[in-house]
2 protein chains.
Amino acid sequence: MELEFLYEKTLQGAVNAKKRKQEQYRKIVAHLYYHGAASIAEIVKSSKISQPLVASLVDDLLGFGVVLESGIGESVGGRRPNLFCLNPEYQYVVGIDITLHSLSLALFDMNNQLVYREEYKEFDLENTSNCTQIIVEKVKIALETRNIKPEKVLAAGFSIPGLVDAEHGLSHTHLSFTELGLGAYLGSQFGFPVLLDNDARTMALGEKAFGKAKDKKNVLCLNLSNGIGLGMILNGELYSGKNGFAGEFGHILIDPDGKLCSCGKIGCLETLTSGKILVQKIKDAIDEGQASFLASYKKEGKRIDLRAVVAAILAGDQFAIDQLNQMCEYLGKGLVTLLHLLNPEMIIIGGKLAHAGKFIINPVTMWMNKYAMDRISSEMELVSSDLLDDAALMGTMASVMKKVLSNRLE
Amino acid sequence: MELEFLYEKTLQGAVNAKKRKQEQYRKIVAHLYYHGAASIAEIVKSSKISQPLVASLVDDLLGFGVVLESGIGESVGGRRPNLFCLNPEYQYVVGIDITLHSLSLALFDMNNQLVYREEYKEFDLENTSNCTQIIVEKVKIALETRNIKPEKVLAAGFSIPGLVDAEHGLSHTHLSFTELGLGAYLGSQFGFPVLLDNDARTMALGEKAFGKAKDKKNVLCLNLSNGIGLGMILNGELYSGKNGFAGEFGHILIDPDGKLCSCGKIGCLETLTSGKILVQKIKDAIDEGQASFLASYKKEGKRIDLRAVVAAILAGDQFAIDQLNQMCEYLGKGLVTLLHLLNPEMIIIGGKLAHAGKFIINPVTMWMNKYAMDRISSEMELVSSDLLDDAALMGTMASVMKKVLSNRLE
DNA sequence: ACTACTTTTATAATATTTTTTAAAAGTAAT
DNA sequence: ATTACTTTTAAAAAATATTATAAAAGTAGT
């Protein structure tokens, strides 16, 4: 096999010409993946390999079918360069994004293009083998639909809520029943490796690779849906902590005299701010006769869920907006703690509540400015995600490619 | 000059045999610095350079005077290896640690050995050119005492409280009056580069290089003296945030109904927990007739400061211990927030209060266990620093060597 | 269209690095 | 002491990568 670095577990150890060549191939493939079509000269600059050698390596890659010629680039004052790009069909990546009540699947080619996308909304995340079986089947359907054999899949990325130990491929909160661990179990079913991570962290990877966090070094990504998740890019790298439990932002102490949280502690941020709380508050108020667009939902027998609340907010429903504003004070206070500890350059609001856009950004910004040290808050941008519901799925792709191109596929 | 990597600003860019050789020298010097005396075979393994080449490079380094032969090592079942070590006298590093009321200086050789150490306790940190002039003079005295010329100094590391932008060598809180910025100004005075950083961060570097954080990847180091500082090692690297303002742990919100903090906000941790508060509380109580070892201090006209309080605690003074215990609840709560956000493997208590050892570790541990999620707290060790007051000074050495050996000396 | 300049690409000559091989030096067991 | 094994070191041979050079391809101004 010519490109073992795409498959082998590790590529380290003593000096070895073959391994060095693998590393050179890897550098070139990485450049083409991260920067798109490129000339030999560009690769020379980024790889620090000499021009004759890069030319010969690219020639090899053309022969292997990994790389394609992609025309001639613009002149920058001299001869126009030949451009090369990755062969999009050389390998594929499977993306799996699971939430409590949905299963999203995607197939990506080597140019990050979606070649398959499906969302199953009737899915329910349960700790049963039946549930994993559904996932395995749906992935098989995806591959069959596109006529892609498992050998053509580099790896799958898997995004799941709860405590996840990405390093060992273990999910502690959900689908935790398998003996092998979820990652290894699914890998054995699929015939290709599966990289697990927590949903907030895959979202952060997605934002880093394709969203507003691109080219930024210190970014915090909030997953505001029914709960509160936090994925952190620190010093340019995803931060997971010792056991992969970092980012439990929903369970930091905000109100010492507050309510009991599901985690067993008192006054966690999540008892004051979360999509779940917001929906519950609005439902309760409507039951007590509060006027709102959402009151008609109830009459019509429609479910009042987070999606409906966000829609009402966007439609200008004053009551829903007020309720969101109230929540934003607590969220702002919590974010100030993050700001003071981590001095990030950007905080990205993602998750279902991110669809509310400025209705969440504006009040949170206001509260943060009230509570934060100016020197720190003035250097930070608070924005809502562009990728929105696709962030996690894009992040699974990014996590796979990062592992492959950094040479460690476990 | 043979070893330009020790001096040059950067060493990047296109392929170049000379630069590559510098990089090879750097790898070998780094191995010898971080692991002490080593054989050719050991260097081969860590550097991934072939044995004949390593042998020839080490030979070069012997010729340059950077490396010395240091005898013959133990056999591991075959021929005994020749060992090599850095020449301790090849270059020196100046360490400068400033607190509000002290100036500590050190000179380190290439084996991390202290060849000079002096502490000026009558020093006061003021924002005047007179103050920087004192520092410059004291450093000159240090070098003269040891008869070391500025050319023999690789760089100085400088630890200072307050907001520091290490990347640009700027101190915002103290000694901020120079036009060039403190780092560049001192550099121009000394004739060698000066690397600035915040005191909590240099302490963290010291712990990472020489203390309990050695070989750990995710460690939080608390500087508990009159204020509260936090230095973080995340993913194995020092974390500074976008502008070098990360770690403002003293200003996270703990009590929404609390007191006004010096930073202008309400209820910061520092209004509840700090050496200053502890001393003040004890002083006030003694004025009101509280029995304590420290009451006699007052009668004898001695100053009741943090050092005296810690001494009383270690001597078993129940009142002082009680006061410390009270503070530990707030500190514990604050640390739980850190724990949930960052899932560290270790938290090291440093600073003047660290001298209290178990008297601070035990109560804080108790409160953390009360407020933290078990899964996260049970994986974490809370310990007090071994390096104590030397941590920052050792950290300045570590920061210089890290910059030099990672090839960027700014 | 010509000149002077640029960048890209290809090739040959040179330099560097690794692999291979073997000798030197040592351990451990008989 | 001898044997069989190990690791370390050294030196020659082979492989690999870089530098230098030149040709090819293009721009821009006259």
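On a predicted model such as this, the values are computed, not experimentally measured, just so you know. Convention: sequence-line order gives letters A, B, ...; per-chain numbering from 1.
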Quiz item: Base, sugar-phosphate alone, or nothing: which one does B:E42 contact when heavy atoms must sit under 4.0 Å apart?
Solution: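 Nothing: the residue B:E42, judged by heavy atoms under 4.0 Å, touches no strand.
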Quiz item: Do B:Y25 and B:F64 have their ring centres less than 6.0 Å from each other?
Solution: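 So the answer is yes for these two rings.
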Rounded to the Å, how far apart are [X] [atom1] and [N] [atom2]?
X     : N      : atom1 : atom2 : result
B:Q51 : D:dT7  : CD    : P     : 14 Å
B:F84 : D:dT8  : CZ    : C1'   : 11 Å
B:D59 : D:dT9  : CG    : C1'   : 12 Å
A:L62 : C:dT9  : CG    : C1'   : 14 Å
B:K45 : D:dT9  : NZ    : C1'   : 14 Å
B:K19 : C:dT17 : NZ    : C1'   : 20 Å
A:E74 : D:dA25 : CD    : C1'   : 14 Å
A:I43 : C:dT7  : CD1   : C1'   : 16 Å

Exercise. Please tell me which of A:L53 and A:V76 maps to the more 5' nucleotide of DNA chain D, matching each residue to the nucleotide holding its nearest heavy atom.
Key: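 The 5'-side residue here is A:L53.
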Practice problem: Tell me which nucleotide among D:dT8, C:dT11, C:dT18 gets nearest to the side chain of A:P52. | Solution: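 The answer is C:dT11.
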Quiz item: Any idea which of C:dG26, D:dT27, D:dT18 is nearest the A:I49 side chain?
Solution: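 For A:I49, the side-chain atoms sit closest to D:dT18.
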Quiz item: Nearest 0.5 Å, what's the CG-CD distance between B:L205 and B:E237?
Solution: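 Rounded to the nearest 0.5 Å, the CG-CD separation comes to 9.5 Å.
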If only side-chain N and O atoms of [X] are considered, is one of them under 4.0 Å from the OP1 or OP2 phosphate oxygen of [N]?
X     : N      : result
A:N82 : C:dT9  : yes
B:S75 : C:dG26 : no
A:R20 : C:dT18 : yes
A:Q24 : D:dA17 : yes

Practice problem: Check for a donor-acceptor pair, side chain of B:N111 on one end and backbone N or O of B:Q113 on the other, with a separation under 3.5 Å. | Solution: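 Here the side-chain-to-backbone pair does not exist.
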Quiz item: If only atom types and distance count, is the side chain of B:S406 paired as donor or acceptor with the main-chain N or O of B:K402 below 3.5 Å?
Solution: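 Yes.
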Exercise. Assess whether one donor atom and one acceptor atom, taken from the side chain of A:R79 and the base of C:dT8, lie less than 3.5 Å apart.
Key: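 Side chain to base: pair found, below 3.5 Å.
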Practice problem: Could you tell me whether the side chain of B:Q91 reaches within less than 4.5 Å of the side chain of B:K152, counting heavy atoms only? | Solution: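 Side-chain contact under 4.5 Å: yes.
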Quiz item: Mapping A:G78 and A:A55 onto DNA chain C by nearest heavy atom, which one lands closer to the 5' end?
Solution: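 Closer to the 5' end of DNA chain C: A:G78.
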